[in-house]
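Comments concern the structure below.
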Protein chains: 4
Amino acid sequence: MPAAGAERGKTERYYRQRERVIDVAVELFSKNGYASTGVADIGEAAGLARGALYYYIGSKEALLAEIHDRVMDPLLSEAAAIAELDVSFEVRLRLLSESLLWQIINRHDHVWVFLHEYHQMQGEYRELFRDKRSRFEQHIHVTIAQGRKQGLVHVKDMELTTLAFLNLHNYTYQWLSGRRPLKVEELSQFYCHIFLTGITNAWQQPAGATKELRLGRTRLQAVRKAAGS
Amino acid sequence: MPAAGAERGKTERYYRQRERVIDVAVELFSKNGYASTGVADIGEAAGLARGALYYYIGSKEALLAEIHDRVMDPLLSEAAAIAELDVSFEVRLRLLSESLLWQIINRHDHVWVFLHEYHQMQGEYRELFRDKRSRFEQHIHVTIAQGRKQGLVHVKDMELTTLAFLNLHNYTYQWLSGRRPLKVEELSQFYCHIFLTGITNAWQQPAGATKELRLGRTRLQAVRKAAGS
Amino acid sequence: MPAAGAERGKTERYYRQRERVIDVAVELFSKNGYASTGVADIGEAAGLARGALYYYIGSKEALLAEIHDRVMDPLLSEAAAIAELDVSFEVRLRLLSESLLWQIINRHDHVWVFLHEYHQMQGEYRELFRDKRSRFEQHIHVTIAQGRKQGLVHVKDMELTTLAFLNLHNYTYQWLSGRRPLKVEELSQFYCHIFLTGITNAWQQPAGATKELRLGRTRLQAVRKAAGS
Amino acid sequence: MPAAGAERGKTERYYRQRERVIDVAVELFSKNGYASTGVADIGEAAGLARGALYYYIGSKEALLAEIHDRVMDPLLSEAAAIAELDVSFEVRLRLLSESLLWQIINRHDHVWVFLHEYHQMQGEYRELFRDKRSRFEQHIHVTIAQGRKQGLVHVKDMELTTLAFLNLHNYTYQWLSGRRPLKVEELSQFYCHIFLTGITNAWQQPAGATKELRLGRTRLQAVRKAAGS
DNA sequence: AATGAATGAGGCTTCATTCAT
DNA sequence: TATGAATGAAGCCTCATTCAT
């Protein structure tokens with residue numbers, strides 16, 4: 001999706017510069033937030049005057065869209081490749097997990113912008129990426145459904161199960177920075193262990209838990225009421 | 001935490017109006033985002049002139065902090081109450097889960113602002129809420145550690161385990177709206193089932209999985225390389 | 001000049017409160033400047049709500065006028081008293097000097113406002129105090145003229161001479177605070193010694209001075225030109 | 001000291017416009033006061049939109065600082081040049097006087113802002129100009145001290161003597177406008193005559209003065225007491 | 001391919017003043 | 001006498017965007 005009015009010819013140097021500008025923008029957006037990053041900041045960091053910037057990007061929102069693409073496009077093509085593999089549903093899910101975590105970990109700044117500033121896009125852009133996201137989520141949904149059809153997965157609500165998988169993975173972007181580097185395969189194995197063990201085993205309530213739980217809930221209600229006054 | 005310079009007398013009506021202004025702000029912030037919501041918008045929605053608004057709030061950032069408090073304060077007092085109960089670690093974790101999900105579900109707009117706009121706060125506010133958040137997370141950490149000491153929980157990295165629990169719960173704010181209403185206790189049971197089953201059971205790799213996995217990873221690498229050009 | 005609408009009756013407590021409010025205002029104005037001091041600040045410092053404040057003062061500008069009066073009125077009545085004394089012109093001038101410095105030193109905050117914020121008054125107030133100031137300056141003018149008539153003072157320009165006297169005294173308000181306390185009589189004697197010695201003695205150019213001066217001026221011109229480029 | 005973020009290229013036209021904006025600001029500040037002059041007023045007078053204005057100035061306070069520099073910088077470089085001349089202390093003082101009065105008379109509007117709105121600057125700016133002012137005053141101090149070392153000047157308090165010199169000169173800005181044009185050299189000669197004659201001659205109290213003075217002071221006390229009620 | 005200059009709407013905040021109670 | 005609540009204009013400043021060159 002090149003900048004408007006830049007469709008003909010402009011090869012080589014143009015696209016190289018363009019990518020550079022986006023690189024710079026990603027860094028600033030992820031560090032300071034989309035709203036708090038001015039176009040001027042981007043220009044300065046890229047060593048380009050405002051006019052030149054607009055020659056490459058078209059608008060601030062287009063820049064945001066471009067960053068989204070950089071995350072979504074690999075995610076979708078990898079998911080498509082995974083879908084074609086002839087593997088068990090567990091492995092398929094683990095591969096999707098690794099693909100997703102690869103982006104989250106190795107392109108943390110892109111993902112930060114992608115997951116956090118999504119709402120800043122409006123109109124056509126918003127719809128476009130709603131659809132793309134939805135397509136990715138379908139891959140996960142379908143994979144889990146596969147396991148269910150095989151009688152391996154025991155869950156009532158498929159939607160919710162898919163979302164739980166995403167919860168587990170996506171929120172990682174929030175706390176990743178500032179921690180020691182994580183390896184994609186290890187983190188993926190950790191998440192998938194929890195998730196797969198959870199959805200493939202039936203629920204076994206420990207004895208006495210129900211009573212304790214009821215007690216606790218009563219206590220919480222009391223605290224809530226006390227705070228209300 | 002009343003607005004600066006508003007310490008004289010001001011009872012009843014003042015505090016009622018104040019709460020009303022915050023209510024209005026929460027709604028707008030959660031709908032349109034903090035950065036995209038102008039103080040003027042809040043004033044208009046509250047039926048108050050710009051000047052009067054500042055009589056109640058002090059600053060836009062103070063408003064944000066106030067919203068944070070509305071989420072964090074109950075969370076912390078409930079967590080404290082839970083900590084004092086004499087219950088199994090599973091039940092304790094489920095109660096923490098229910099407490100957290102109660103906020104996420106019943107005060108969804110507050111939580112949206114709380115989880116999404118956290119970074120907009122700066123200086124003292126930021127530190128303040130970093131600490132409060134950290135205190136809450138400690139409750140979860142401690143509870144899981146309790147299970148581990150009892151030999152029930154089998155995980156290597158306690159930090160990561162705590163974060164996984166938070167991932168599972170917190171990201172819920174992202175997709176909650178637009179879905180049919182969820183019951184706190186059901187969602188909590190679902191999340192806790194997955195999480196507790198996961199961390200209390202050892203990992204059992206299905207036969208043949210390793211090979212398939214390796215195959216899949218090779219495929220992913222290929223896709224990645226192809227996209228690189 | 002009581003606040004508008006406060007003319008009838010309002011004795012005792014009213015006037016006491018009023019003076020208190022002005023006291024507070026003087027302190028704040030002299031410390032932070034007239035423009036930078038809000039009516040709210042005054043209210044807070046006086047322990048009065050905004051409404052009550054306006055009951056006593058009428059307007060911020062009226063407050064400023066009132067402070068001016070507190071300086072000008074004693075100055076004018078003392079000058080009138082001095083004018084009636086049967087003393088030499090030197091003594092008369094020294095008494096005027098002492099009267100003026102008494103205000104500058106003992107009511108430094110009032111004088112600060114009086115001399116510095118004069119221009120903030122507009123319309124009628126401005127004219128009023130232009131006249132009052134002018135009346136005071138006349139006393140000095142007349143006194144010096146007396147010495148000139150007696151053949152003791154040798155100056156060409158009476159206006160300028162009067163203004164030089166005022167320069168010497170008035171600018172004191174700028175640097176007074178932050179220095180060790182000065183005694184009115186000593187400072188007055190110092191200023192009057194310089195001034196009276198100066199205007200009662202003829203000018204005697206030291207030998208060689210003219211030439212050096214011309215040299216210096218040439219040097220200054222060069223510096224000025226160099227900076228201009 | 002160009003506006004922040006304006007370091008790229010910007011020659012010629014930029015600096016010309018910048019100077020023009022400052023010129024306009026000086027005029028408005030000196031006429032209406034710094035606090036009472038809005039940035040909008042400056043823009044309007046300069047024929048520039050608000051945004052463009054900030055392209056040139058950075059902030060209102062930076063504008064004020066710039067104006068200060070326009071006065072202080074020449075003052076300091078001229079003083080430095082004077083310090084290097086091999087002339088008598090009287091001539092040196094007269095040259096300092098002429099340098100100072102040159103600014104006061106020929107750049108009256110700048111000096112008005114410089115002397116009157118100094119207190120509006122805060123933080124770093126304030127310190128910066130406190131230091132610059134202090135450096136200039138040192139030149140005067142040192143010069144007078146030179147005369148004293150030579151046994152020509154008879155004063156007790158060097159600080160006070162320096163300040164008296166500044167009083168005499170600086171306050172001129174207050175009444176200069178609205179009078180017929182003054183020549184730098186004449187006014188300087190007038191001031192220096194008074195000042196030098198004053199500090200180089202011993203004090204000779206006229207006979208009978210002490211008694212008259214005492215009488216007058218008693219009278220003043222009476223007036224003051226009468227006003228107190 | 002790139003620039004610097006300009007725009008104008010909108011950002012948050014403060015302020016002197018009024019008025020019903 | 002005194003208050004708290006409200007106003008609305010004005011304050012300074014930032015920003016995404018455009019355009020002649």
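The figures that follow rest on heavy atoms only: side chains count, while hydrogens, waters and symmetry mates do not. So that the names make sense, note that chain A is the first sequence line, chain B the second, and so on, each numbered from 1.
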(message) Determine whether the aromatic ring centres of residues C:Phe129 and C:Phe114 are separated by less than 6.0 angstrom.
(response)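 Ring centroids of C:Phe114 and C:Phe129 are no less than 6.0 Å from each other.
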
(message) Aromatic contact between A:His119 and B:His116, with the criterion being ring centroids under 6.0 Å apart: yes or no?
(response)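 Yes, the ring centres sit under 6.0 Å apart.
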
(request) Report the secondary structure of DNA chain E in dot-bracket form, marking unpaired bases with a dot and bases paired to a different strand with |, and treating Watson-Crick or G-U pairs with both distances under 3.5 Å as paired. (result) .||||||||||||||||||||

(request) Provide the closest heavy-atom pair for A:Ala35 versus A:Gln120 in the form atom of the first, atom of the second, distance. (result) CB-NE2, 4.5 Å

Using whole Å, what does the distance between atom [atom2] of nucleotide [N] and atom [atom1] of [X] come to?
{"X": "B:Glu44", "N": "F:dG8", "atom1": "CD", "atom2": "P", "answer": "13 Å"}
{"X": "D:Ile42", "N": "F:dG11", "atom1": "CD1", "atom2": "C1'", "answer": "12 Å"}
{"X": "A:Arg20", "N": "E:dA1", "atom1": "CZ", "atom2": "P", "answer": "14 Å"}
{"X": "B:Leu48", "N": "E:dT14", "atom1": "CG", "atom2": "C1'", "answer": "16 Å"}
{"X": "C:Leu53", "N": "F:dT1", "atom1": "CG", "atom2": "C1'", "answer": "13 Å"}
{"X": "D:Leu28", "N": "F:dC12", "atom1": "CG", "atom2": "P", "answer": "12 Å"}
{"X": "D:Leu64", "N": "F:dC12", "atom1": "CG", "atom2": "P", "answer": "12 Å"}
{"X": "B:Arg16", "N": "F:dA6", "atom1": "CZ", "atom2": "P", "answer": "11 Å"}

Is it true that [X] and [Y] have a side-chain N and a carboxylate O under 4.0 angstrom from each other?
{"X": "D:Arg126", "Y": "D:Glu61", "result": "no"}
{"X": "C:Asp109", "Y": "C:Lys31", "result": "no"}
{"X": "B:Lys132", "Y": "B:Glu127", "result": "no"}

(message) Under 6.0 Å from the ring centre and within 45 degrees of the ring axis: does the NZ or CZ of D:Arg18 meet both conditions for the six-membered ring of D:Tyr55?
(response) no

(message) Could you tell me if A:Arg133 sits above the aromatic ring of A:Tyr118, with its cationic atom closer than 6.0 Å to the ring centre and no more than 45 degrees from the axis?
(response) yes

(request) Would you indicate, yes or no, if E:dA1 has its OP1 or OP2 atom less than 4.0 angstrom from a side-chain nitrogen or oxygen of A:Tyr55? (result)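 The answer is yes; a side-chain N or O of A:Tyr55 sits under 4.0 Å from OP1 or OP2.
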
(request) Answer yes or no: does a side-chain N or O of B:Tyr56 lie under 4.0 Å from OP1 or OP2 of F:dA6? (result)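 Yes, such a contact exists.
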
(request) Identify which nucleotide among E:dA6, F:dA2, E:dG4 has an atom closest to any side-chain atom of C:Arg13, counting heavy atoms from C-beta outward. (result) F:dA2

(request) Treat primed atoms plus P, OP1 and OP2 as sugar-phosphate and everything else as base, then score nucleotides 16-21 of chain E 5' to 3': B for base contact with protein heavy atoms under 4.0 Å, S for sugar-phosphate contact only, - for none. (result) SBBB--

(message) If you assign D:Gln17 and C:Asp41 each to the DNA chain E nucleotide with the nearest heavy atom, which residue ends up on the more 5' nucleotide?
(response) D:Gln17

(request) Quick one: pull up CG in D:Leu64 and CD1 in D:Ile57 and give me the separation to the nearest 0.5 Å. (result) 11.0 Å

